[in-house]
Structure formats: C-alpha cells, structure tokens
Amino acid sequence: MKKNKIIKIILPVIALLTFLASSSYAGNYSNHKDIVDTAVSAGKFNTLVKAIKAAGLVKTLKSDGPFTVFAPTDEAFAKLPAGTLEKLLKDTKKLKAILTFHVVPGKVMASDVVKLSSVKTVHGNTIKISTKNGVKVENAKVIATDVKVSNGVIHIIDSVILPN
C-alpha cells in the first residue's frame, strides 16, 4: 500500500521534472540567463562554450545584443573530422570566424526564420535557410527552436556550419 502512495507521488514529480528539463532545452519558457550562461547550464553545449571562450567571444555573447544563435550541440561538433576541433581551438581567428557565422544580429524567432531564404550573420556572410523537409540553415537541421534568453534567442542545430 505504501509503495502505491509513493509511486503516485513520485511519478507526477518525475513527469514535471522531465517537462521542465525538455522545456529548458527547447525554450518553452522565458530565460533570464544570457546566451553563454544558458549554453553552460544546458549541459549539451560544452564544446560550443569551450570554443566561445577560446575565441574570446564570451563578453560579446553576454552583452545586451540581441543576438540569434544557431547553436551546434556537442554531438554536432563530434561530427567534424578527427582533429578539426583541436586545430580550430588553436587558430582563434578561424574559430572566431566560424562561431560568428552561427550568430545573427537581432532576435529572429522560428516564426521569422521560416519566412526567410537567407540571413546575414555577424561574420558578414549569409546563411542559406531552407524549409524543405524541416528547417535547415546551410547543411544543419534545426532540432529545437526559440530558446529565449535575456539577450536574444537560440535555435539548436545538429551540425556545425562553415562560412564559404
């Protein structure tokens, strides 16, 4: 009998925690943290945060913005050819160029992204946007949208995109 009562209490708590965890990942709530702090707390962007620090972009991405970041997950970085990340972490100029190719000035929500065919990045190049078979930016599939942060919005992508 006690087990049933405990299960009846624990299951809703687990369901609530699961919902809150997925909401923080997919952005279904307002976040008072900036881009960097949100990436750190999510736990799925460790490589991105490491790269942001190595490129000297922490201060910029913690500033008022607003910015839209197409954020590759750790799994996205793992898709890069062996040794690529290590080389980039040593070549801060190239790393900064790649990271700023993932950042758009202004706050571009998912409802806006799907109406665009391209968008200019902080890097200065343009990202191509496709809505055929899901939303893609360059070769990366957008896997979660509208993670609202204090200085903009994050859209999560499954691959690292590279400037031309």
Side-chain angles (χ1 to χ4, degrees), residues 18 21-28 31 33-110 112-114 116-164:
T18 302
S22 66
S23 294
S24 67
Y25 184 69
N28 294 329
N31 188 348
K33 295 179 182 177
D34 60 48
I35 291 164
V36 176
D37 292 341
T38 300
V40 168
S41 66
K44 298 186 183 289
F45 304 99
N46 298 319
T47 309
L48 177 61
V49 171
K50 183 178 180 178
I52 288 169
K53 289 177 180 178
L57 293 172
V58 171
K59 186 175 179 180
T60 300
L61 293 175
K62 288 179 85 49
S63 70
D64 290 340
F67 300 106
T68 299
V69 176
F70 292 97
T73 61
D74 291 334
E75 292 83 10
F77 278 98
K79 291 180 183 180
L80 292 172
T84 302
L85 181 60
E86 292 74 20
K87 288 179 187 172
L88 287 173
L89 290 171
K90 293 177 184 173
D91 184 350
T92 56
K93 185 176 179 183
K94 189 170 187 177
L95 180 61
K96 188 173 185 177
I98 290 170
L99 292 175
T100 57
F101 189 59
H102 289 77
V103 181
V104 173
K107 189 174 182 179
V108 185
M109 302 302 288
D112 301 317
V113 170
V114 297
L116 302 170
S117 60
S118 65
V119 65
K120 191 169 184 170
T121 68
V122 171
H123 177 266
N125 287 12
T126 302
I127 295 175
K128 291 181 272 179
I129 299 170
S130 169
T131 54
K132 295 177 185 172
N133 301 321
V135 178
K136 285 191 170 189
V137 290
E138 294 293 321
N139 63 332
K141 183 178 179 185
V142 178
I143 57 175
T145 61
D146 293 344
V147 178
K148 298 171 187 165
V149 295
S150 65
N151 60 343
V153 64
I154 299 171
H155 303 298
I156 303 165
I157 57 176
D158 72 348
S159 301
V160 176
I161 56 177
L162 304 172
N164 299 335

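- Listed for the Asn151 side chain is a donor-acceptor partner under 3.5 Å among the backbone atoms of Ile35.
- Taking NZ of Lys136 as the reference point, atom OG of Ser130 lies at 7.5 Å (rounded to 0.5 Å).
- Contact annotation: the side chain of Val119 never approaches that of Val137 to less than 4.5 Å [non-hydrogen atoms, C-beta and beyond].
- By the 4.5 Å heavy-atom criterion applied to side chains, His102 and Pro72 are counted as neighbours.
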Report the C-alpha separation of Val160 and Leu162 in whole Å, then their side-chain angles, then the decisive distance to 0.1 Å, and conclude whether the side chain to side chain contact (heavy atoms under 4.5 Å, CB included) test is met.
CA-CA 7 Å; Val160 176; Leu162 304 172; 4.2 Å; yes
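- Judged purely by atom type and a 3.5 angstrom limit, Thr38 has no side-chain atom pairing as donor or acceptor with the backbone of Val149.
- In this structure, Asp146 contributes its side chain and Met109 its backbone to no donor-acceptor pair below 3.5 Å.
- Remark: side-chain polar atoms of Glu138 are not paired, donor with acceptor, to backbone N or O of Ile161 under 3.5 angstrom.
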Check: residues 45-57 side-chain donor-acceptor pairs under 3.5 Å, at least two apart:
unit_1: Asn46; atom_1: ND2; unit_2: Gly43; atom_2: O; d: 3.4
unit_1: Asn46; atom_1: ND2; unit_2: Asp74; atom_2: OD2; d: 3.4
unit_1: Thr47; atom_1: OG1; unit_2: Asp74; atom_2: OD1; d: 3.2

From CA spacing to verdict: side chain to side chain contact (heavy atoms under 4.5 Å, CB included), Ser117, Ile129:
CA-CA 5 Å; Ser117 60; Ile129 299 170; 5.7 Å; no
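- Between Ala140 and Ser159, the closest heavy-atom pair is CB-O, 3.5 Å.
- Judged as a side chain to side chain donor-acceptor pair (under 3.5 Å), the pairs with a partner in residues 60-72 (not counting sequence neighbours) are, in order, Asp34-Lys62, Asp37-Lys62.
- Note: Ile156 CD1 to Lys141 NZ = 13.5 Å, rounded to the nearest 0.5 Å.
- A 4.5 Å side-chain heavy-atom check between Lys33 and Ser41 finds at least one atom pair inside the cut-off.
- Under a 3.5 Å cut-off, the side chain of Thr121 and the backbone N or O of Asn125 do form a donor-acceptor pair.
- Within the structure, every pair that satisfies the ring-ring contact (aromatic ring centres under 6.0 Å, His included) test and touches residues 135-164, not counting sequence neighbours, is listed here: Phe70-His155.
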Worked verdict on Asp158 versus Lys79 for salt bridge (Lys or Arg N to Asp or Glu O under 4.0 Å):
CA-CA 9 Å; Asp158 72 348; Lys79 291 180 183 180; 3.7 Å; yes
